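Before any comments, here is the structure.
Atoms considered below: every heavy atom in the structure, side chains included; atoms not considered: hydrogens, waters and symmetry mates. In what follows, every chain begins at residue 1, and chains take the letters A, B, ... in the order their sequences are listed. Note that the structure is predicted; figures quoted are calculated from it, not measured.
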Number of protein chains: 2
Amino acid sequence: MAEAVNIKRLAQELNISIATVSKALNDSYEISLKTKNRVWTLAKELNYTPNPAASNLRSNKTKTIAVVIPCVANNFFSLSIMGIEEIARQYGYHVLIYQTHENIEAEKAFTNSLLNGRVDGILTSVSSSEYNSEYYANLVKKIPLVFFDRVYENLDAVRVTTDDYEIAFQATEHLIECGCTKIAYLFGLENLPAGKARFAGYLDALKTHGITFMEQLVVKYHDGEEFNLQQIKELLGKHKPDALFSSIEEFIIPAYRACRDLSLQIPNDVKVLSFSNLSTAELLNPSLTTISQPAFEIGREAAKCLFKILNNKQLDDEQNIILKSVLTKRESTGG
Amino acid sequence: MAEAVNIKRLAQELNISIATVSKALNDSYEISLKTKNRVWTLAKELNYTPNPAASNLRSNKTKTIAVVIPCVANNFFSLSIMGIEEIARQYGYHVLIYQTHENIEAEKAFTNSLLNGRVDGILTSVSSSEYNSEYYANLVKKIPLVFFDRVYENLDAVRVTTDDYEIAFQATEHLIECGCTKIAYLFGLENLPAGKARFAGYLDALKTHGITFMEQLVVKYHDGEEFNLQQIKELLGKHKPDALFSSIEEFIIPAYRACRDLSLQIPNDVKVLSFSNLSTAELLNPSLTTISQPAFEIGREAAKCLFKILNNKQLDDEQNIILKSVLTKRESTGG
DNA sequence: CTGTTAGCGCGTTCAC
DNA sequence: GTGAACGCGCTAACAG
């Protein structure tokens, strides 16, 4: 379909050897400026661009990275991708996307398929369905890899995360200051450090303020919208909490639905506070208090780290970069 | 980093020729089952996977497609990507993502960089900043390409779109039936067929119902949130429309903000209706009437078409696939 | 059924 | 300054 314009073609048209063309294109000192100019102008004229497969094969570098995430259609991850892409462009890299849909087997299959030199490095936010550090302990030895947000700890790999514990603590405290005493917790990512840290922040805030934790007020996230909806409705009906703290954005919809189905007024009957990157949602519903992770920045930072590694540069300090989330308090804390 | 396990290594260990190994791996009929089995087991043992660069170079097939879109962090596009990815997985293809940020030069640069055999085909939703069909007329001759949603017409390329005219007509009619007579139009994608069709639907609905179109009620989208906000505020202040029809989801935020800033009650003072794929937003604000394009399906269909082309299969009928959008009418039409 | 040979397009080495 | 020759890992043509 595309007429082959390769180094050989350029060499023929200019009546010089292939090697000379190659060197000229790479601006080698061995080539005269005159020859270089002849090559460059013809290259431009014919729209020559080097064949990536050929140079990959030769150089073992692909100028490509992979992003392995649970799902693109999620505010947090799509913003992260934006950040990643921005940095990738600066470095002239291409970005492959793989969605695991929280399926650990798919996750392994994808990453394994990347080990044969398809990409120079991987950025990943792991599936929450399992915490299997064995696999990743092995993987990080084979390919440059940076974790972001959903990470594996205690591995020889950089991770970019946020202040999950602190922000969950502050958020819970905010609910308490608003007068809430029965704060239900919608628990997501329970297998992962991020999920555990958020929950710990919630627990410690209760403790600090002398509120006894009640296990009945916790609902754990499951796949399947209906199930979550039912669980929350049951929670609301049985235990009548005065607030819902949603630890992941996927819980917002069932939480709102449950309240509506039970004719509970938000925020009068129940206050709602959520981790969320839904800027639009916040605007449409200006009274929703939210925790926004700096998704875009996380993507940027993670990508920057990966490129530092790929360029064999020293990483500044730690292997663990922690960015700050933002707690946006709205009128009357709730939706 | 990864210890080289290639076809040569397998051949040596098994004391057979490289070609035999290659054929065995590709399950060629020329190779005995016994030999195949020996090769397969060793391959598995050593975790052999073919080097993609080498096979790309030889076969001129990359098993990779590119998706070129304005932005990932957008409900419509992120859902489209999900659909594309799903189909790509089925075909064992990899997916590269490029964001143009509505910059036509970036768009051209990206697509040009894909012409040297980096990908087998391209899926694109073009930038709205310009309608320059010359470039694409040329491009479609060079590489298999499918347009989705934001398309170029009259080119020899498949396009997957939605019923923009019809749904805009219906939506406008709905506002009229709700009693609105001064319906302002927030005009996006004005250079593209989709934007034109939506506007035409709006105009014709007005006409059908005997309402005179007023040019002052139109606000055109520009980059820069603040500018849009000001324009809408001016519109609301000067002309006091009883409804806002937003033709793109990017207009929702400034529209809501403008109403809030002017203390206009939605939907009592102004009804609001928008193109949108914000399922969350709809839920948080259950009274918002929306037009949802089937983003996921569009992605799937577009990808399917591309793979049919790549496999030299006949496309069923037309080069133009039109999917139906959904008008979700909510209580009292407005936000 | 198996092996030999010849590249795919590029970059590098070493002669000249 | 320039060119001939080789090889990255794999596949396809042809031979046997």
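To the nearest angstrom, P of D/dA12 lies 7 Å from CG of B/N26. The CD1-P distance, from A/I7 to D/dA4, rounds to 14 Å in whole Å. Rounded to a whole Å, the CZ atom of A/R118 is 16 Å from the P atom of D/dG9. When the P atom of D/dA13 is taken as reference, atom CD of B/E30 falls 11 Å away, rounded to whole Å. Distance A/L14 CG to D/dG1 C1': 15 Å, rounded to the nearest Å. In this structure, the CD atom of B/Q12 is 12 Å from the P atom of D/dC10, given to the nearest Å.
No donor-acceptor distance shorter than 3.5 angstrom exists from the side chain of A/N116 to the backbone of B/T49, with no hydrogens or angles considered. Put simply, the side chain of B/S28 never gets that close to the backbone of B/K23: no donor and acceptor are under 3.5 Å apart. Panel note: side chain B/Y152, backbone B/Y135; no donor-acceptor pair is recorded below 3.5 Å. A/W40 places no side-chain N or O within donor-acceptor distance of the main-chain N or O of A/T35, the cut-off being under 3.5 Å.
Taking 4.0 Å as the cutoff to heavy atoms of chain B, we find the contact window on DNA chain C bounded by C/dC1 to C/dG9.
Nearest-nucleotide positions on DNA chain C for B/T20 and A/L25 put B/T20 closer to the 5' end. Along DNA chain C, the nucleotide closest to B/S28 and the one closest to A/K23 are compared, and the more 5′ of them pairs with B/S28.
Side-chain N/O atoms of A/N191 and A/E130 include no donor and acceptor closer than 3.5 Å. Side-chain atoms of A/E102 and A/S129 include no donor-acceptor pair closer than 3.5 Å.
Within 4.0 Å (heavy atoms only), A/I18 reaches no atom of the nucleic acid at all. Within the nucleic acid shown, A/T35 comes within 4.0 Å of sugar-phosphate atoms alone, with no base atom in reach, counting heavy atoms only.
Evaluated for a side chain to side chain contact (heavy atoms under 4.5 Å, CB included) with B/T100, the options B/E105, B/K108, B/E107 yield exactly one hit, B/E107.
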Worked check of side chain to side chain donor-acceptor pair (under 3.5 Å) between A/T62 and A/D120
CA-CA 6 Å; A/T62 59; A/D120 296 345; 2.8 Å; yes
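Between B/Y93 and B/F307, the ring planes lie perpendicular to each other; the angle is over 60°, past the 30° to 60° tilted range.
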Table of protein N/O atoms under 3.5 Å from nucleotides 6-8 of chain D N/O atoms:
from, atom 1, to, atom 2, distance (Å)
D/dG7, N2, A/R58, NE, 2.7

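Considering only side-chain N and O atoms, B/S55 lies nowhere under 4.0 angstrom from the phosphate OP1 or OP2 of D/dC10. Close to D/dT11, at under 4.0 Å from its OP1 or OP2, lies a side-chain N or O of B/S22.
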